[in-house]
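Notes follow the structure.
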There are 2 protein chains.
Amino acid sequence: MVQFNAQHFDTSFAALSDATRRGVLEQLARQDASISELAETFEMTLTGMKKHVSVLEQAGLVVTEKVGRVRTCRLGVSRLEQEAAWIERYRQMWAARFNELDKVVEELKRREKANGRPS
Amino acid sequence: MVQFNAQHFDTSFAALSDATRRGVLEQLARQDASISELAETFEMTLTGMKKHVSVLEQAGLVVTEKVGRVRTCRLGVSRLEQEAAWIERYRQMWAARFNELDKVVEELKRREKANGRPS
DNA sequence: ATTAAACTGAACCATATGGTTCAGTATTAC
DNA sequence: GTAATACTGAACCATATGGTTCAGTTTAAT
C-alpha cells in the first residue's frame, strides 16, 4: 500500500536518492523488465535488485506483477506530481526571499545616490 | 564544497527525504535563523540540528556564516533546478510510455470494431 | 573576573540501508 | 522425472542516519 501522508515525501525522495534506483526508473521508462534483467543491467544479485524494486514499489514509482516464475516491473502510477509541486513551491519561496533582498539592495543604492549628491 | 557529479542527486534527494530538513528549508524561506532557533522550532538538541544543517549545506540548499558566537543559516544558491529537471524528464518519459499504451489500446479497439462488423 | 550563551566535536546508541550468501520454492524446459 | 530458471526469505555484514549526552571553546553580558 502506497502512503499519502507526510511520510510520503520521505519515502519517495529517499527512493530517488539512489543512483541505481533512478537508473531502474529510466530503464523501465524505455521498457518493462524482469528482476533478472534489471539485476543484470546493474550488475547486482537478484536479491539486491529485488530490494531496490521493493523500495520503488513502496514509493509507488513502480508496480510489479508475477506471472509464472518471472516478476515483471513497470512504471507505477506515481508521476511525482506532489514531489514536483513541493520543489516548485520551494523554488517560489526561494525566489520571493531573494526578491526581498533585491529590494533592500535597490533601496541602499537609492539612498547612496541621494547621499552622494551635494545637499 | 558542493558536488555536481552523479552523486549530486544522491545528496540532494537524500537531504529532501527528511521531514525536519524540509521544515528547516521552509522556515529559512521565511527568515534566516540561527542553529538555536531552528533547534527550538523542531524540539531537538543543538547538536542534532547542527547535523541536519550540515546535510542541507552539503546539498547546497543552505549556507551558513558564523559571526560572533552565533551561526546564521540562510537559503543557499541551489534552487533545485537540476532536481526539478530530473523529475520533469521522468514525468515526460512516463507520459510517453503511457501514450504508447494508449495507442495500443486504441489499435485494439479499432480492430475489435472492425471484427464486430460483418465482413 | 565570572558567568551564561551558542556552538562544536567526540563518543555512543538504535535503527536503516545497500549489499552479500545460502537455502529454499515454484515454474518451465528437456 | 530431472534439471535449470527465476525468484524469495533469512541471516549476515559494513556503513550511514538520526538522534542523544558530555565535555569542551569562544564570545558576550554583568
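Computed from heavy atoms alone, side chains included, the values below leave out hydrogens, waters and symmetry copies.
- The aromatic rings of A:Phe13 and B:Phe13 lie parallel to each other, their planes meeting at an angle below 30°, with 60° marking the opposite boundary.
- Across every non-hydrogen atom of B:Met49 and B:Thr20, the tightest pair is CE-CG2, 4.2 Å.
- At a threshold of 4.5 Å between non-hydrogen side-chain atoms, the residues A:Lys50 and A:Thr64 do not count as touching.
- Rounded to an integer number of Å, the gap from B:Leu38 CG to C:dT8 P is 12 Å.
- Atom pair A:Ile35:CD1 and C:dT27:C1' shows a separation of 16 Å (rounding to whole Å applied).
- Atom-to-atom, CE of B:Met49 to P of C:dG9 comes out at 17 Å; the value is rounded to the nearest Å.
- Taking every side-chain heavy atom of A:Met44 into account, C:dT20 is the closest of D:dA6, C:dT20, D:dT21.
- For the residue pair B:Ser12 / B:Glu83, a side-chain donor-acceptor distance below 3.5 Å is found, with atom types taken as modelled.
- The distance from atom CG of B:Asp18 to atom P of D:dA16 is 18 Å, rounded to the nearest whole Å.
- For DNA chain D, the neighbouring residues in residues 62-76 of chain A, judged by any heavy atom under 4.0 Å, are A:Lys66, A:Arg69, A:Val70, A:Arg71.
- Atom C1' of nucleotide D:dT20 and atom NZ of B:Lys50 are separated by 16 Å, given to the nearest angstrom.
- The residue among A:His52 and B:Glu37 whose nearest nucleotide of DNA chain C is located toward the 5' end is B:Glu37.
- Remark: P of C:dG9 and CG of B:Leu46 are 13 Å apart, rounded to the nearest angstrom.
- The side chain of A:Lys51 has C:dG18 as its nearest neighbour among C:dT8, D:dG9, C:dG18.
- Residue B:Thr45 places at least one side-chain N or O under 4.0 Å from the OP1 or OP2 atom of D:dT20.
- Contact check on A:Arg21 versus B:Asp10 returns no salt bridge, with no Lys/Arg side-chain nitrogen under 4.0 Å from an Asp/Glu carboxylate oxygen.
- Residue B:Gln58 contributes atom CD, which lies 10 Å from atom P of D:dT17 at whole-angstrom precision.
- Taking 4.5 Å as the limit, some side-chain heavy atom of A:Leu38 sits within range of a side-chain heavy atom of A:Gln27.
- Residue B:Leu56 contributes atom CG, which lies 10 Å from atom P of D:dG18 at whole-angstrom precision.
- Not a single donor-acceptor contact under 3.5 angstrom links the side-chain atoms of A:Thr47 to the base of C:dG19.
- At most 12 heavy atoms of other shown residues, nucleotides or ligands fall within 6.0 angstrom of atom CD in B:Glu40.
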